[in-house]
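Sequence positions, counted from 1, serve as the residue numbers for this chain.
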Amino acid sequence: LRVSPNDPNIIEKLEKILKNQFDIIRRVNEIRKNDFQQNDFRFINTNVVQQIKECIDIQESKIHDKKILVNFRYDSTDLYIKTDPIYFQNNVLANILSNAIKFSHESGKIEIYAFKNLNKIIIEVRDYGVGISKDRLKDIRTLERIVSTRGTAGEEGTGFGLLQIKTFTEIFGGTFEIISHTKEVH
């Protein structure tokens, strides 16, 4: 979210940012403990389009700072999955979008496409950033090593983002796939 000192909704926006940050910290600690039980989640029908829009809103200041164009398309507003909306938004969507922003160049573009294919909801996120080397991609797919990589503007990370994406996507019955090419291949 973009926050300006003159914004009449500054308190509301800051509360939303802080709540989101506390949720992320709590969930990272839970992942570190790897202490999840099925009853820790509140599975409900969750609107994917609404979740993605909220996630884009939360990341608005990062998007604005790097002058990135985010193009979000969807076939229908009636795209629902059975998931825990808090974990899905904060541990899956936020990390995917954050990585796309982090590794995009200034004035870059991110495309998000949500659609239904047979009985599955597909969310595709494409950025035109630096890409991932084959060796790093192997580490990510196996999650043998957790490594933090600096973004195109020197952004730091924890190294837990991809672990969260993979872990929660699988808990929610989904799959997570990365297709990447380094910049030379684009």
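Contact annotation: the side chain of Phe88 never approaches that of Thr169 to less than 4.5 Å [non-hydrogen atoms, C-beta and beyond]. You'll find the side chain of Leu97 stays beyond 4.5 Å of the side chain of Val125, heavy atoms only. Inter-residue side-chain proximity for Gln59 and Ile101 is flagged as met; some heavy-atom pair is nearer than 4.5 Å. Using a 4.5 Å heavy-atom threshold, the side chains of Ile56 and Ile58 count as separate. Within the 4.5 Å cutoff, the side chain of Phe115 has heavy atoms near those of the Glu124 side chain. Looking only at side-chain heavy atoms (C-beta outward), Ser104 and Thr152 stay at 4.5 Å or farther from each other. Counting heavy atoms from C-beta on, the side chains of Pro85 and Arg42 come closer than 4.5 Å. The shortest side-chain heavy-atom distance between Leu162 and Asn95 does not fall under the 4.5 Å cut-off.
A distance of 6.5 Å separates CD1 in Ile123 from CD1 in Ile96, rounded to the nearest 0.5 Å. Of the inter-residue distances, the one linking Lys82 atom NZ with Phe41 atom CZ reads 15.0 Å to the nearest 0.5 angstrom. The distance from atom CG of Asp84 to atom CZ of Phe172, rounded to the nearest 0.5 Å, is 5.0 Å. Atom CD1 of residue Ile63 and atom CD1 of residue Ile110 lie 6.0 Å apart, to the nearest 0.5 angstrom. Note that the CG atom of Asp75 and the CD1 atom of Ile122 stand 11.0 Å from one another [nearest 0.5 Å].
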Kindly indicate, with the supporting measurements, whether the criterion side chain to side chain contact (heavy atoms under 4.5 Å, CB included) is fulfilled by Thr46 and Tyr80.
CA-CA 5 Å; Thr46 303; Tyr80 285 85; 5.7 Å; no

Given the rule in the side chain to side chain contact (heavy atoms under 4.5 Å, CB included) test, do Leu79 and Lys116 qualify, once you have shown the distances and angles that lead to the verdict?
CA-CA 7 Å; Leu79 299 175; Lys116 190 169 190 167; 4.0 Å; yes

Go through it in stages, so that I can follow the logic: the residues are Gln89 and Glu54, the test is side chain to side chain contact (heavy atoms under 4.5 Å, CB included), and I'd like the CA-CA distance, side-chain angles, deciding distance and then a yes or no.
CA-CA 8 Å; Gln89 185 178 85; Glu54 287 177 13; 3.0 Å; yes

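Residues Asn47 and Gln50 approach most closely at OD1-N, 2.8 Å, considering heavy atoms. What you find for Val49 and Ser76 is that their closest heavy atoms are CG2-O, 3.4 Å.
Taking the centre and axis of the six-membered ring of Tyr128, the NZ or CZ atom of Lys109 falls inside the cone set by 45° and 6.0 Å.
Across Glu106, Glu60, Glu155, a single residue satisfies salt bridge (Lys or Arg N to Asp or Glu O under 4.0 Å) together with Lys66, and that is Glu155.
Ring-centre distance between Tyr74 and Tyr113: not below the 6.0 Å cut-off.
Under a hydrophobic clustering in which Ile, Leu, Val, Met, Phe, Trp and Tyr are joined whenever their side-chain heavy atoms come within less than 4.5 Å, directly or via other members, Ile121 and Ile44 fall into different clusters.
A donor-acceptor pair shorter than 3.5 Å cannot be found between the side chains of Tyr87 and Gln164.
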